[in-house]
Undergrad: 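My structure is below; once you've seen it, I'll send some questions.
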Amino acid sequence: MLLSGARLTDGRTVDVRLGGGRIQAVGTAGSLPSPALARVDLGGYLLLPAPAEPHAHGDTALTADGEGPVSYGTDEVQRRATEAALLQLGHGATAVRSHVRIGDMHGLGPLEAVLQARRSLRGLTDLTTVAVPRLLTGVAGADGLAMLRDAVKMGASVIGGCPDLDPDPTGFLEAVLELAAEHGCPVDLHTDGDDPGRLARLAAMAGGLRPGVTIGPCGGLSRLPLDVAHRAADQLAAAGVRVTCLPQGDCAALERRGLRTAPVRLLRAAGVRVAAGSGALRDAGNPVGRGDPLEAAFLLASQGGLRAVEAYASVSGAAREAMGLPEVRVEAGFPAELLAVRGDRIAGVLSLAYSRIVIHRGRVVARTSAVREYCDSAVAVAMDLPRQGRAEPGP
């Protein structure tokens, strides 16, 4: 496939040749011969490394408008998880990490359903699962620990949970880290981050774990005194603990609503690697969630104090790193995980990101086209106001 006439963030207009799921070549417009290649005209589009979604909840997504109790039957959860992943793919996320609750009355059923969704989506998007037990300590926690072991055997590739909700948060963390070390799994934990002592213990315990520990959404860090927050950030950075913030707001897994998002600039200044996720997607955490990585980046740029380029990197490169995915650049040799958005600068596409073309493993897997017209207006014509679409046929 040849992507022709794409604009890059450095201002160049280039052609990009894809093959075997990777970028084969990048050259000036018209410089790459392509008599036998499928061609996608990206004139008017900005070509970016595709974003990834590091914090989704596929089992609870799209449940806010339902009447009566939410169904956790396998078919229903699989349908919701599939629809949610496709919505996120349409926004540009070619990889999704979905936290899935296990235990209680539903056992491992929701996890099996999301794993089925992962299999059905193969080739369209990469969906990975995080097993999220409720309790891991005491008498009640014994069942949760056994179920967590079964979840890893079933195919959950990440171990999660919320230590804040366990009667023994330190014991919960010990159990998770021990199991993760045993199976070589990464850890991705929910925490509000409002207890500096608990964060210090987490940093001390997690420092040696490979392939690593991620925590989020950590909105409580913003409510700590500034010197305390700085000290906690330094401890997390020294331990190599990543943070996934949710600019849209906390998710339902914390069972409470925080008032603020994580202090991203403070964390980044301390050296913490910070990614951004969407979190709730029309569920108990947020009835109007969009699951759009570009919205998360927009919020970081408009409210979080980041430059637009930094905000986009938090949902693309940083998110992929947090998920253990290979780096993507629009350069030869890198994976062909790309997002084309109509516009010419990152700040512009974060503001009006309507028309999008999503490329996963070297092929177009989703398109969204929008056309804005100002009808019967001579002023609009005279001013040549920008449109999100084109009258002539195009991608």
Side-chain angles (χ1 to χ4, degrees), residues 54-61 63 69-78 80-81 96-119 127-192 195 198 201-202 204-216 241 244 251-255 283-285 323-324:
H55 194 114
H57 287 269
D59 55 336
T60 60
T63 57
V70 174
S71 170
Y72 285 91
T74 302
D75 290 346
E76 278 297 305
V77 174
Q78 182 179 355
R80 292 198 299 262
V96 176
R97 174 180 281 188
S98 179
H99 294 253
V100 183
R101 295 184 183 183
I102 61 173
D104 299 329
M105 67 183 71
H106 307 301
L108 292 168
L111 176 64
E112 175 56 33
V114 178
L115 289 172
Q116 289 177 9
R118 180 187 70 178
R119 291 188 284 269
L127 176 61
T128 59
T129 55
V130 185
V132 181
R134 181 176 180 82
L135 300 175
L136 290 181
T137 67
V139 176
D143 290 339
L145 187 57
M147 194 165 293
L148 183 57
R149 291 183 178 276
D150 289 340
V152 174
K153 293 176 183 177
M154 285 173 59
S157 55
V158 186
I159 297 175
C162 185
D164 299 0
L165 300 181
D166 195 286
D168 180 3
T170 301
F172 185 104
L173 183 59
E174 288 175 346
V176 164
L177 295 178
E178 181 180 345
L179 188 60
E182 177 184 338
H183 291 275
C185 294
V187 169
D188 195 336
L189 297 170
H190 286 77
T191 181
D192 188 51
D195 186 328
R198 193 174 296 167
R201 288 191 294 273
L202 185 152
M205 297 167 65
L209 183 70
R210 298 292 179 268
V213 175
T214 300
I215 61 174
V241 175
T244 296
C251 61
L254 289 177
E255 301 186 357
D283 62 15
M323 297 166 66

Undergrad: Does some side-chain heavy atom of Pro110 sit less than 4.5 Å from a side-chain heavy atom of Arg101?
TA: no
Undergrad: Rounded to the nearest 0.5 Å, what separates atom CZ in Arg97 from atom CE in Met323?
TA: 6.0 Å
Undergrad: Roughly how far, to the nearest 0.5 Å, is the CE atom of Met147 from the CG atom of Leu108?
TA: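 Taking CG in Leu108 and CE in Met147, the distance rounds to 5.0 Å.
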Undergrad: Ignoring hydrogens and geometry beyond distance, is a side-chain donor-acceptor pair present between Thr214 and Asp188 at under 3.5 Å?
TA: no
Undergrad: Apply salt bridge (charged side-chain N to carboxylate O under 4.0 Å, His left out) to Arg119 and Glu112, showing your working.
TA: CA-CA 11 Å; Arg119 291 188 284 269; Glu112 175 56 33; 3.1 Å; yes
Undergrad: Can you classify the ring geometry of His57 versus His190 as parallel (below 30°), tilted (30 to 60°) or perpendicular (above 60°)?
TA: tilted
Undergrad: How close do Gly161 and Val132 get, counting heavy atoms only, and between which atoms?
TA: CA-CG1, 3.7 Å
Undergrad: Using every non-hydrogen atom in the two residues, find where Ala117 and Ala81 come nearest and quote the distance to one decimal.
TA: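 Smallest heavy-atom distance, with atoms named: CB-CB, 4.0 Å.
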Undergrad: Under the side chain to side chain contact (heavy atoms under 4.5 Å, CB included) rule, what do Val130 and Ile159 come out as? Steps first, then yes or no, please.
TA: CA-CA 5 Å; Val130 185; Ile159 297 175; over 6 Å; no
Undergrad: So, Thr63 and Asp283: side-chain donor and acceptor under 3.5 Å apart, yes or no?
TA: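 The criterion, which ignores hydrogens and geometry beyond distance, is not satisfied for Asp283 and Thr63.
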Undergrad: Considering only heavy atoms from C-beta outward, does the side chain of Ile215 approach that of Val241 to under 4.5 Å?
TA: yes
Undergrad: Please assess Leu111 against Met154 for the test side chain to side chain contact (heavy atoms under 4.5 Å, CB included), listing each intermediate value before the final yes or no.
TA: CA-CA 9 Å; Leu111 176 64; Met154 285 173 59; 4.2 Å; yes
Undergrad: Measure the shortest side-chain to side-chain distance between Leu189 and Pro163 over non-hydrogen atoms and say whether it is less than 4.5 angstrom.
TA: yes
Undergrad: Under 4.5 Å between any side-chain heavy atoms of Leu145 and Pro133, yes or no?
TA: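 In short, these two side chains do not touch, never coming nearer than 4.5 Å.
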Undergrad: Determine whether a donor-acceptor pair (N or O, by modelled atom type, separation under 3.5 Å) exists between the side chain of Ser98 and the backbone of Gly58.
TA: yes
Undergrad: For Asp59, is there any backbone N or O sitting under 3.5 Å from a side-chain donor or acceptor partner on Arg80?
TA: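 Side chain of Arg80 to backbone of Asp59: a pair is present.
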Undergrad: At what distance, to the nearest 0.5 angstrom, does CG of Leu115 lie from OG of Ser157?
TA: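 It comes to 8.5 Å.
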Undergrad: Evaluate the side chain to side chain contact (heavy atoms under 4.5 Å, CB included) criterion for residues Cys162 and Thr191: first the C-alpha distance (whole Å), next the side-chain angles of each, then the deciding distance (0.1 Å), finally the verdict.
TA: CA-CA 6 Å; Cys162 185; Thr191 181; 5.9 Å; no
Undergrad: Starting at CG of Leu148, measure out to CZ of Arg134 and round the result to the nearest 0.5 Å.
TA: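 Here the interatomic distance stands at 15.5 Å.
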Undergrad: Sequence neighbours excluded and cut-off under 3.5 Å, please list the side-chain donor-acceptor pairs for residues 168-182, or say none.
TA:
residue : atom : partner : partner atom : Å
Asp168  : OD1  : Thr170  : N            : 3.4
Asp168  : OD1  : Gly171  : N            : 3.0
Thr170  : OG1  : Arg201  : NE           : 3.2
Glu182  : OE1  : Arg149  : NH1          : 3.1
Glu182  : OE2  : Arg149  : NH1          : 3.3

Undergrad: Does Leu127 form a side chain to side chain contact (heavy atoms under 4.5 Å, CB included) with Val114? I'd like the steps, not just the answer.
TA: CA-CA 9 Å; Leu127 176 61; Val114 178; 4.1 Å; yes
Undergrad: Do Val158 and Thr129 come close enough that some side-chain heavy atom pair is under 4.5 Å?
TA: no
Undergrad: Would Arg198 and Asp164 count as a salt bridge (charged side-chain N to carboxylate O under 4.0 Å, His left out) here? Give the steps.
TA: CA-CA 9 Å; Arg198 193 174 296 167; Asp164 299 0; 3.3 Å; yes
